[in-house]
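A quick write-up on the structure given underneath.
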Amino acid sequence: SQTIHQWPATLVQPVGSPLSLECTVEGTSNPNLYWYRQAAGRGLQLLFYSVGIGQISSEVPQNLSASRPQDRQFILSSKKLLLSDSGFYLCAWSTLGQVETQYFGPGTRLLVL
Amino acid sequence: AQSVTQPDIHITVSEGASLELRCNYSYGATPYLFWYVQSPGQGLQLLLKYFSGDTLVQGIKGFEAEFKRSQSSFNLRKPSVHWSDAAEYFCAVGPFSGGYNKLIFGAGTRLAVHP
């Protein structure tokens, strides 16, 4: 069966520091991968998606970037965090097919102080 | 533009009571529709989904949802709520777009269950 991991689970970082959040998927090949941000009391905003290694598409301009160095690894990064980067970050995967459903990881809670 | 509206931000029900969470969408074609549940501090778990066929779909944990094209709605229901159902519920529309499935989420409905 497929599983998705995210780490760390919780992170507290000072403003201006770098960021690296990691997401890995097991049990599937060539998944589509997604990064979402969930601000407190709000819905989910799609940040990035990837349909293959090295292929990243950004949905909104922001202080963050994403990379996909391996088929089942998706990394969210920032060179300098802003206060507004605080939130709950969720990674999701799906398999391209006739009916495509996204499955979510446990999330990383980021607090920028 | 595609959008999803969940009119109720908070809902409180008594344990054992029935539940209906509303979801309305705006989309130009037949949508793919999803309901997810999120417990505090956790990721999202898929409850059910609709793509085509029977407009009443069954999901996990005793939930069901009905697609009504004429009303652009996909309301989630459960006949008898359990205390463990307290969580946040998200409706999503998925216009499949050439290689990936961009989900558009509603703002969510937070469900509280009174004993």
Side-chain angles (χ1 to χ4, degrees), chain A residues 2-11 21 23 25 30-52 55-60 66 68 74 87-111, chain B residues 1-10 21 23-25 30-54 57 59-60 65 67 87-112:
Chain A
Q2 301 88 357
T3 56
I4 179 169
H5 304 279
Q6 288 187 244
W7 64 87
T10 304
L11 189 61
L21 304 182
C23 170
V25 181
N30 195 30
N32 288 348
L33 296 172
Y34 308 82
W35 276 113
Y36 288 88
R37 177 167 58 201
Q38 185 178 26
R42 301 180 64 179
L44 280 76
Q45 179 186 37
L46 178 63
L47 302 176
F48 301 94
Y49 67 90
S50 171
V51 299
Q55 302 178 61
I56 308 296
S57 296
S58 173
E59 281 293 299
V60 293
R68 186 170 176 175
F74 204 23
F88 194 50
Y89 289 83
L90 290 158
C91 181
W93 71 271
S94 66
T95 300
L96 180 61
Q98 182 180 9
V99 171
E100 190 174 342
T101 301
Q102 290 185 24
Y103 298 94
F104 286 80
T108 294
R109 184 162 304 283
L110 172 65
L111 179 61
Chain B
Q2 300 93 348
S3 66
V4 178
T5 301
Q6 294 181 245
D8 305 304
I9 298 175
H10 295 278
L21 302 182
C23 173
N24 294 98
Y25 66 89
T30 300
Y32 299 154
L33 295 159
F34 305 81
W35 273 101
Y36 287 86
V37 61
Q38 184 181 33
S39 297
Q42 303 297 314
L44 274 69
Q45 181 182 20
L46 180 68
L47 282 176
L48 48 79
K49 57 189 177 184
Y50 170 80
F51 297 110
S52 64
D54 191 349
V57 294
I60 63 172
F67 170 57
E88 190 155 22
Y89 293 79
F90 292 94
C91 180
V93 171
F96 183 72
S97 176
Y100 81 103
N101 186 17
K102 178 178 178 179
L103 288 183
I104 300 171
F105 284 86
T109 296
R110 186 170 297 277
L111 173 66

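Naming: A, B, ... by sequence-line order, numbering from 1 per chain.
Interface remark: A/Gln38 contributes side-chain atoms only to the contact with chain B (heavy atom separation under 4.5 Å). Both the backbone and the side chain of B/Leu44 come within contact range of chain A, each with at least one heavy atom under 4.5 Å from a heavy atom of that chain.
With sequence neighbours left out, B/Ser3 forms a side-chain contact (heavy atoms from CB on, under 4.5 Å) with B/Ser26. The side chain to side chain donor-acceptor pair (under 3.5 Å) check on B/Gln6 picks up B/Thr109, with sequence neighbours excluded.
Atom CG of A/Leu111 sits in a crowded spot, with more than 12 heavy atoms from other residues, nucleotides or ligands closer than 6.0 Å.
In this structure, the separation between CZ on A/Phe104 and CG on B/Leu103 is 6.0 Å, given to the nearest 0.5 Å.
No side-chain heavy atom of A/Leu44 sits less than 4.5 Å from a side-chain heavy atom of B/Tyr36. With a 4.5 Å cut-off on side-chain heavy atoms, A/Leu90 and B/Gln38 count as touching.
The two residues B/Lys49 and A/Tyr103 make their nearest non-hydrogen contact at NZ-OH, 4.0 Å.
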